[in-house]
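Hydrogens, waters and symmetry mates play no part in the numbers below; they use all other heavy atoms, side chains included. Each ligand, and each atom within it, is numbered from 1 in the order the structure gives. Note that the coordinates shown come from a computational prediction; the quantities given were computed from them, not determined experimentally.
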Amino acid sequence: MSWGYKPNNGPQKWVENFPIADGVRQSPIDIVPGQASYDAGLKPLDLKYDPSTCLDILNNGHSVQVTFADDTDSSRLTDGPISGLYRLKQFHFHWGASDDKGSEHTVAGTKYPAELHLVHWNTKYASFSEAASKPDGLAVVGVFLKIGGENPNLQKLLDAFDTIKSKGKQTSFANFDPSTLLPGCLDYWTYDGSLTTPPLYESVTWIVCKEPITASSGQMAKFRTLLFSADGAAPDCMKTARVKNEDELLSKWCSSSS
Ligand SMILES: NS(=O)(=O)c1ccc(C(=O)NCC(F)(F)F)cc1
Ligand SMILES: [Zn+2]
């Protein structure tokens with residue numbers, strides 16, 4: 001039985017096979033803006049993405065993921081809270097069964113309907129897999145989705161969902177620019193945390209954007225048509241999101257405007 005989001009294999013059970021679930025820097029957390037400390041030493045994020053590095057879109061059974069060619073530095077993250085250069089590997093989403101929940105991080109207890117994660121790895125290591133388990137191996141940019149107007153950039157992804165409805169399906173997906181999914185303002189909170197799904201490696205510098213992007217309720221409903229289950233198996237609608245115990249956040253807050 002592999003990990004998932006059901007009562008018998010979900011977040012409360014992950015510690016049985018992944019004891020680091022009880023670790024010291026587990027994500028997600030509740031971000032409490034009033035308790036975050038401002039750090040004037042933090043730089044604005046520098047994100048540069050090359051749409052020609054976009055490869056394919058995949059239903060991996062616990063999210064929908066868009067994967068990028070990471071053999072060059074052309075899609076990368078620098079500055080912000082990190083040192084060095086981190087290459088974009090993939091982005092994916094977490095969402096809920098209804099519009100009132102779904103994000104993994106919360107802001108003073110507020111849940112958003114979904115959360116986008118842009119996953120980057122530190123090029124001081126030879127590959128993503130080598131970086132994935134190192135304390136400074138990964139940097140994930142998180143962007144909240146809130147219900148609002150139709151998002152035409154998000155729609156390009158949703159239009160591909162019908163061909164990757166069940167687990168394991170993937171299809172080519174070219175020339176998508178992930179920066180079209182970023183908010184206008186890139187102010188962020190940052191803290192040292194972990195992967196939010198098994199193996200829960202404590203290898204992530206989290207960079208959570210303060211400003212959400214929008215998706216319509218209909219667009220959120222499209223995420224929920226994706227299935228956890230493989231072709232032929234009993235259909236099991238995908239709803240993701242791990243919500244960890246509410247603990248203090250020792251975060252730093254950057255305002256690139258100041
Ligand atoms: N939801 S998250 O924290 O952005 C997140 C990002 C990446 C992975 C991932 O690549 N797991 C596979 C690995 F690396 F071999 F462990 C898991 C979770
Ligand atoms: Zn994620």
Should the ring pair [X] and [Y] be called parallel, tilted or perpendicular, given that the plane angle runs from 0 to 90° and is split at 30 and 60?
X: Tyr5; Y: Trp14; answer: perpendicular
X: Phe173; Y: Phe176; answer: tilted
X: Trp206; Y: His105; answer: perpendicular

At what distance is the nearest protein heavy atom to [atom], and which residue and atom is it?
atom: atom 18 (C) of ligand 1; result: Thr197 OG1, 3.2 Å
atom: atom 3 (O) of ligand 1; result: Thr196 N, 2.9 Å
atom: atom 10 (O) of ligand 1; result: Phe128 CZ, 3.3 Å
atom: atom 12 (C) of ligand 1; result: Pro199 CD, 4.4 Å
atom: atom 8 (C) of ligand 1; result: Leu195 CD2, 3.8 Å

task = State, yes or no, whether a side-chain contact exists between Ser194 and Ser27 at a heavy-atom distance under 4.5 Å.
result =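 Sidechains of Ser27 and Ser194: in contact.
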ask   = Polar-atom distance check: Trp206 versus ligand 1, any N or O pair below 3.5 Å?
value =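 Checking ligand 1 against Trp206, no N or O pair falls under 3.5 Å apart.
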task = List the steps and the verdict of side-chain contact (heavy atoms from CB on, under 4.5 Å) for Phe93 and Val64.
result = CA-CA 6 Å; Phe93 296 83; Val64 57; 4.0 Å; yes
query = If you look at every heavy atom in Leu154 and Leu145, which pair is closest and at what distance?
reply =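 Closest approach of Leu154 to Leu145, heavy atoms only: CD2-CD2, 4.1 Å.
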query = Right, does atom 16 (F) of ligand 1 have protein non-hydrogen atoms nearer than 4.0 Å?
reply =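 Under 4.0 Å from atom 16 (F) of ligand 1, at least one protein heavy atom found.
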Which of the atoms of ligand 1 are close to [X], meaning less than 4.0 Å from one of its heavy atoms?
X: His94; result: 1 (N)
X: Tyr201; result: 16 (F)
X: Ala132; result: 14 (F)

query = With respect to the Zn ion (ligand 2), what is the nearest N, O or S atom of His92?
reply =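 It is NE2 of His92.
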message = Nearest N/O/S atom of His117 with respect to the Zn ion (ligand 2), by atom name, please.
response =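 Nearest to the Zn ion (ligand 2) within His117's N, O and S set: ND1.
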request  = Could you please spell out the steps behind the salt bridge (charged side-chain N to carboxylate O under 4.0 Å, His left out) verdict for Lys169 and Asp162?
outcome  = CA-CA 10 Å; Lys169 294 257 171 153; Asp162 292 340; over 6 Å; no
query = So how far is it from Asp70 CG to Arg76 CZ, rounded to the nearest 0.5 Å?
reply =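 Spacing of CG (Asp70) from CZ (Arg76) equals 15.0 Å.
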query = What is the distance from atom NZ of Lys111 to atom CZ of Phe144, rounded to the nearest 0.5 Å?
reply =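 With rounding to 0.5 Å, NZ (Lys111) is 12.5 Å from CZ (Phe144).
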message = According to a hydrophobic-cluster definition based on side-chain heavy atoms being under 4.5 Å apart (Ile, Leu, Val, Met, Phe, Trp, Tyr only), do Leu77 and Leu42 belong together?
response =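 Both belong to a single hydrophobic cluster.
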contact_flag Phe91 ligand 1 heavy-atom lt 4.0 Å =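 Not so, Phe91 does not reach ligand 1.
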query = Contact between Val204 and ligand 1, counting heavy atoms under 4.0 Å?
reply =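 Val204 does not count as a contact of ligand 1 under the 4.0 Å cut-off.
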query = Which residue from His62, Gln90, Glu104, Glu115 reaches closest to atom 7 (C) of ligand 1 through any of its heavy atoms?
reply =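 The nearest heavy atom belongs to Gln90.
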More than 12 heavy atoms of other groups within 6.0 Å of Lys146 NZ =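 Not more than 12 within 6.0 Å, no.
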key: Region of Phe93 engaging ligand 1 - heavy atom pairs below 4.0 Å   =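 For Phe93, there is no contact with ligand 1 at all, from either part.
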query = What part of His92, side chain from CB on, backbone N/CA/C/O, both or neither, has a heavy atom under 4.0 Å from ligand 1?
reply =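 Side chain only.
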